[in-house]
Protein chains: 4
Amino acid sequence: MPVEAIDDELRGRGRPRDEDARARILEASLEALEELGYPGVTCEAIAERAGASKATIYRWWPHKEAVMLEALRESVAQELPFPDTGNLREDIRIQLHNFVKLLNGPRGRVFKGMIAAAQSDPKVGAAFLSIWVMPRREFARRGIDRYRKELRRGVDLEVVLDSIYAPLYYRLLIGHAPVTIKFADQIMELVWAGISATTSQHTKP
Amino acid sequence: MPVEAIDDELRGRGRPRDEDARARILEASLEALEELGYPGVTCEAIAERAGASKATIYRWWPHKEAVMLEALRESVAQELPFPDTGNLREDIRIQLHNFVKLLNGPRGRVFKGMIAAAQSDPKVGAAFLSIWVMPRREFARRGIDRYRKELRRGVDLEVVLDSIYAPLYYRLLIGHAPVTIKFADQIMELVWAGISATTSQHTKP
Amino acid sequence: MPVEAIDDELRGRGRPRDEDARARILEASLEALEELGYPGVTCEAIAERAGASKATIYRWWPHKEAVMLEALRESVAQELPFPDTGNLREDIRIQLHNFVKLLNGPRGRVFKGMIAAAQSDPKVGAAFLSIWVMPRREFARRGIDRYRKELRRGVDLEVVLDSIYAPLYYRLLIGHAPVTIKFADQIMELVWAGISATTSQHTKP
Amino acid sequence: MPVEAIDDELRGRGRPRDEDARARILEASLEALEELGYPGVTCEAIAERAGASKATIYRWWPHKEAVMLEALRESVAQELPFPDTGNLREDIRIQLHNFVKLLNGPRGRVFKGMIAAAQSDPKVGAAFLSIWVMPRREFARRGIDRYRKELRRGVDLEVVLDSIYAPLYYRLLIGHAPVTIKFADQIMELVWAGISATTSQHTKP
DNA sequence: ATCTAATCGAGACGGTACGTCGAGTCTTCCC
DNA sequence: GGGAAGACTCGACGTACCGTCTCGATTAGAT
């Protein structure tokens, strides 16, 4: 029996899922997350905004965390990949600038909410890692690795990634200072001095 | 009528606050946070562990976040100040090592929980800042400032503090990698190269 | 154009109703009523037992009560008519005995369920009356009326019917005592004394 | 240790139950039962009418059936006992008249609802028996037993009770005819002929 | 031998109520 | 007047069933 026979059996049975409702639910949950913050996101609120029923939500997602994770995944799908200008410093700078803009937009609250949820729910943590963190790090890892010979010998790429991204997340979550473009540049400069092979003769652009 | 008479009248009427109950409540809330994570900290759980009643909790604190913040403040009071060995790199290293140990101990879950709570509750965020983050940064700021002439000119101390502490918080919260002593050293080296006035002749310890 | 042509056009187009599915649905609803009691009769349960789909049920019946009423009607169709032995007392006795057996069989739960449903749904009540109660009473009314001259003058037939049948239903529904053949006989004797024209010379059977 | 010591310990702890809320809940459930019929009685509706919360309902009763049973018990508590005029026929007549009036009042729907619920829920059935049916039967049993020598020998009291009460319940539940005072009298006459020791020379009063 | 149209199964949909749980408030008795 | 006990309102949780709806597949009579 060919694979498509099984597929046929599984695919064509019953009323198909309402993709529109799915989209409305995901959109509504993002909206709610942005407007109300994480604990303000109620399944009932999502259902009402989306014009859907709670039953539909629970049919497809085991709990609201899963809804929001999928919403995050969707909204993240169209994020730009790591840039490739031919200049490593420029690549990193552009990437950080984009990330700063993302965090300052409405998506910032989403990140705060998801990371908060992850602290007490390992499922959310694991999903956030695999959906967002790990793919972004992989892009960045490859983007930087292209210029490995420009980097100081013995530099650990994982540590570089942490030192670049962490300060932005840190300010987002702790809130002692804003996440600005300028701050990203300062971090960039500081880290660059630590990873670049040449004695850091950096000039501000 | 002397002032103390008024005081007596105001203070001394009725049974004084039960300091033992207060201590038990704070301890219980820390315990709950460590064992059960943030959403496991229900007022009922605290009351039961502490052998107190919910009314007592709400008489003295406006909500459970306030309880946990005060618990954090208490537990944080005895933290070591920024070291002073006469060598900046060594001071920072020791400080980071201590912090790594703190985060890996049961207190780590407390930090995760408080930061998570801060994301959706500005009161918690503000309190966490003023109770923990700001004082620690102030200590560190002064500790580093003592060696300002050893630092590269134009270095922004705030950025230095962020770049030093952020990676540890980042790994704690995101959880993609453990918060190890070695990691702290690596961050230390990387940042040192960016802030030290001398061309970084660092040797691995 | 003859009438049957229209009928043909209306009836004959498309796939005809699946009479087998209809039978399975009715049977399944009786089964469910017998096994699970009235609130156990969910449309989903009927559909599953019958190997049918909910849509099929709702295509042919407006709600589940209608299904059960039709099931009752079907199952009731083959009930015996009022007996005719030439002796009124004997006729009534046989009739009551049959009814006792019916109530003690699985059909008993069906009656309980239908009467329960009728209490809150007038449609069910009306249907139960017209499908079961009224026809049975009419049979009994005629059966008794044949012997009208043996009855005491002024006896109201409706009251007689009520006094004969009511105790059986009463015990069925209230459940304080079993519905036995002996009980039917006792009721029979008691009522007979009240309706017979001759001074009741009844001997226990 | 005296009993009152235990009582003291059990009685005096914590906020006492809000008897007013209890009364409002019971009243609301009776109202709802009378107005909406049994399946219309929603815990949420009761809570809203009573100005109480669902949690309060579920704290004291395991499910809505229990609420309604207790409501019935309360409302039934003040029912008149079996009369005692010195004349058995008169006693029974008065009793039946009272019962007819009860069934035709708003309480009638309550009985219908409870009996309906009892058909599918044995707990309700058992409770209805012990709260209402059995006590009433016991009163009637004693009331009739006082005149045992006026009754025909060999008459089974249980059967008498069934034959007297059943027709009223029957008409209430089946609804093929109204439950009137006249009907009660007719049943009374018919049954009297079957139980009275004297050849029934009954004259209408 | 198609074409057409009503029916079938499966199962997703918007609702409504369920019974549970925690937050934060209130009430009573005891010390 | 403080404290323990615990009842209170409120609102969200996740589940179950209702009656409706869309699918693809099936099955007759009409062409």
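Residue numbers begin at 1 in each chain, while the letters A, B, ... track the order of the sequences.
Within 4.0 Å of C:Trp61, counting heavy atoms only, lies no atom of the nucleic acid at all.
When the C1' atom of E:dA12 is taken as reference, atom CZ of A:Arg17 falls 10 Å away, rounded to whole Å. At whole-Å resolution of the value, CD1 in D:Ile57 and P in F:dT9 are 9 Å apart. When the C1' atom of E:dA23 is taken as reference, atom CG of B:Asp121 falls 14 Å away, rounded to whole Å. A straight line from CD of C:Glu19 to P of E:dA6 spans 18 Å, rounded to a whole angstrom. Here E:dT7 presents its P atom at 13 Å from CD1 of C:Ile25, a figure rounded to the nearest Å. The nearest whole Å value for the distance from the CD atom in B:Glu48 to the C1' atom in F:dG3 is 17 Å. Rounding to whole angstrom units, CZ of residue C:Arg49 and P of E:dG9 are separated by 17 Å. Atom C1' of nucleotide E:dC31 and atom CG of B:Asp18 are separated by 12 Å, given to the nearest angstrom.
Proximity of A:Trp60 to the phosphate of E:dC13: a side-chain N or O atom is located under 4.0 Å from OP1 or OP2. C:Thr56 has a side-chain polar atom (N or O) that falls below the 4.0 Å cut-off from OP1 or OP2 of E:dG9.
Checked against E:dG9, E:dT28, F:dT9, the side chain of C:Ser53 finds its nearest nucleotide in E:dG9.
Salt-bridge annotation for A:Arg49 and A:Glu27: absent, with no side-chain N of the basic residue lying under 4.0 Å from a carboxylate O of the acidic one.
In this structure the side chain of A:Arg22 never reaches within 4.5 angstrom of the side chain of A:Trp60, judged on heavy atoms. Within the 4.5 Å cutoff, the side chain of C:Leu33 has heavy atoms near those of the C:Met114 side chain. The side-chain heavy atoms of B:Ser75 and B:Leu30, taken from C-beta on, include a pair separated by under 4.5 Å. A 4.5 Å side-chain heavy-atom check between C:Trp61 and C:Ile25 finds at least one atom pair inside the cut-off.
Positionally, the nearest nucleotide of DNA chain E for C:Arg59 lies more toward the 5' end than for the other of C:Arg59 and A:Arg22.
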Checklist entry - For nucleotides 13-19 of chain F, read 5' to 3', which letter fits each nucleotide if B means a protein heavy atom sits under 4.0 Å from the base, S means only the sugar-phosphate is that close, and - means neither? => result BBB-SSB
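A 6.0 Å sphere centred on CD of D:Glu35 holds more than 12 heavy atoms belonging to other residues, nucleotides or ligands.
Counting atom types as modelled, C:Arg15 pairs no side-chain N or O with a base atom of F:dA28 as donor and acceptor under 3.5 Å.
Here the closest heavy-atom approach between residue A:Arg109 and residue A:Glu34 is recorded as CD-O, 3.0 Å.
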